[in-house]
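Working notes, structure below.
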Amino acid sequence: MDTFFQIPHDVVANRSRSNENITGPQPLIKDGSAADPASIGFAVLIANWTGQGDEDYAGAAKDQLDFLESKVPRTSDGAISHRVSQVQLWSDFVYMVPPFLAYYGMITQNRTLLLEAYNQISLYRSYLRDTSANNLWKHVLLGMSGNDEGHWSTGNAWAAAGMLRVLGTYKNSQYSNTLKSQQKDLAAWVLEIHAAMYPHLDNSSNLFTNYASQPVTADGNFLDSSSTALLASTVYRLSLIWGTHTYLPFAERTRKALSAPNTNSSSNATLEHFDLNGWLTPVVNPDSYGKQGSQSPEGQAFVVEMQSAWRDWVADGSKGANGAMCPTSDVGMLVWALVFGVYWGLL
């Protein structure tokens with residue numbers, strides 16, 4: 001776990017310098033996004049809970065929470081802005097902030113904070129869900145500039161994955177029995193995104209396009225393995241956590257596609273969707289969501305999330321496989337593990 005704990009250690013150790021030595025409410029890292037720094041909060045809470053003790057993890061987490069609650073602008077009905085400088089809602093937020101709020105609430109036995117995670121998701125859903133597009137989520141709304149009303153595939157996957165993290169926290173918390181209706185909603189909302197997204201899966205590649213509701217031939221659009229991997233991870237996790245198996249056949253199709261061996265004689269890569277250095281391809285640029293990138297740390301993380309979720313699903317008996325492809329090991333997955341230099345059992 002040394003590699004894991006190095007991240008919160010470095011963040012907390014450097015936060016004063018990052019925030020120009022202010023005291024009181026402040027993000028873990030100074031950033032234009034109000035939400036992204038909070039995504040590290042889960043690791044900071046774990047470091048504190050496990051007694052790492054080399055930094056003031058509790059104080060750093062509290063300052064991050066207070067920053068969200070008192071310094072970040074909100075909509076009139078209480079949705080915390082994804083941005084610091086203006087009220088603007090991004091679908092990404094659902095993965096960054098509600099899981100932090102929920103885990104903070106569980107650790108501190110604060111049911112109100114647990115509920116706030118649900119409230120934020122509900123508010124974001126009310127703004128970003130596009131009922132005219134079969135419930136796909138829009139990406140960015142309400143800002144004075146920089147809005148994106150497109151149905152960004154990674155944004156939909158971020159939202160589903162964030163909901164599942166909150167659902168998992170609720171289900172395993174001391175308040176589980178008193179949060180039944182919220183758990184039911186979260187599971188339904190994840191399934192709602194699956195139902196909106198998977199009809200747009202590109203049949204020839206078994207990948208999503210960067211903007212799900214637009215074909216790969218649309219101007220500026222392209223195939224994206226990052227969102228494909230993250231959304232697949234949520235299908236396996238929903239099956240494990242909630243017993244909903246509806247989109248397992250689609251998740252298996254995409255997982256198999258992402259681990260397929262390379263058949264292009266002009267390339268020396270072993271796998272079709274990984275280059276010689278193990279980078280996932282093709283991917284959206286993590287710093288410019290409308291452009292194709294070449295190397296995405298997010299994409300790498302999404303592959304690990306997908307693979308670990310699939311591993312857990314298989315270990316649990318592959319429940320609900322039904323019409324899904326057989327989830328047994330295959331050569332592509334073995335090579336994939338070697339590319340990343342990790343064994344599945346260590347994920």
Which side-chain hydrogen bond (donor to acceptor under 3.5 Å, both in side chains) pairs, counting each pair once, include a residue from [range], with sequence neighbours left out?
{"range": "residues 39-53", "answer": "T50-Q52"}
{"range": "residues 104-115", "answer": "R111-T178"}
{"range": "residues 15-30", "answer": "N14-R17, R15-D63, N19-Q26, E20-K30"}

Any donor-acceptor N or O pair under 3.5 Å, side chains N156, H151: no
Considering residues at least two apart in sequence or located in another chain, which fulfil the salt bridge (charged side-chain N to carboxylate O under 4.0 Å, His left out) criterion with [X]?
{"X": "K171", "value": "none"}
{"X": "R83", "value": "none"}
{"X": "E116", "value": "R74"}
{"X": "D66", "value": "K62"}

By side-chain hydrogen bond (donor to acceptor under 3.5 Å, both in side chains) - contacts of H139 (at least two apart): D92, D148
Positive for side-chain contact (heavy atoms from CB on, under 4.5 Å) with Y124, one of L141, V97, V94: V94
List the residues meeting side chain to side chain contact (heavy atoms under 4.5 Å, CB included) with [X], not counting sequence neighbours, and say none if there are none.
{"X": "A34", "value": "V72, V84"}
{"X": "A187", "value": "L167, L238, W242"}
{"X": "L123", "value": "D77, A79, Q120"}
{"X": "A102", "value": "L114, A117, V166, T169, Y170"}

Aromatic ring proximity Y118/W189, centre distance under 6.0 Å: yes
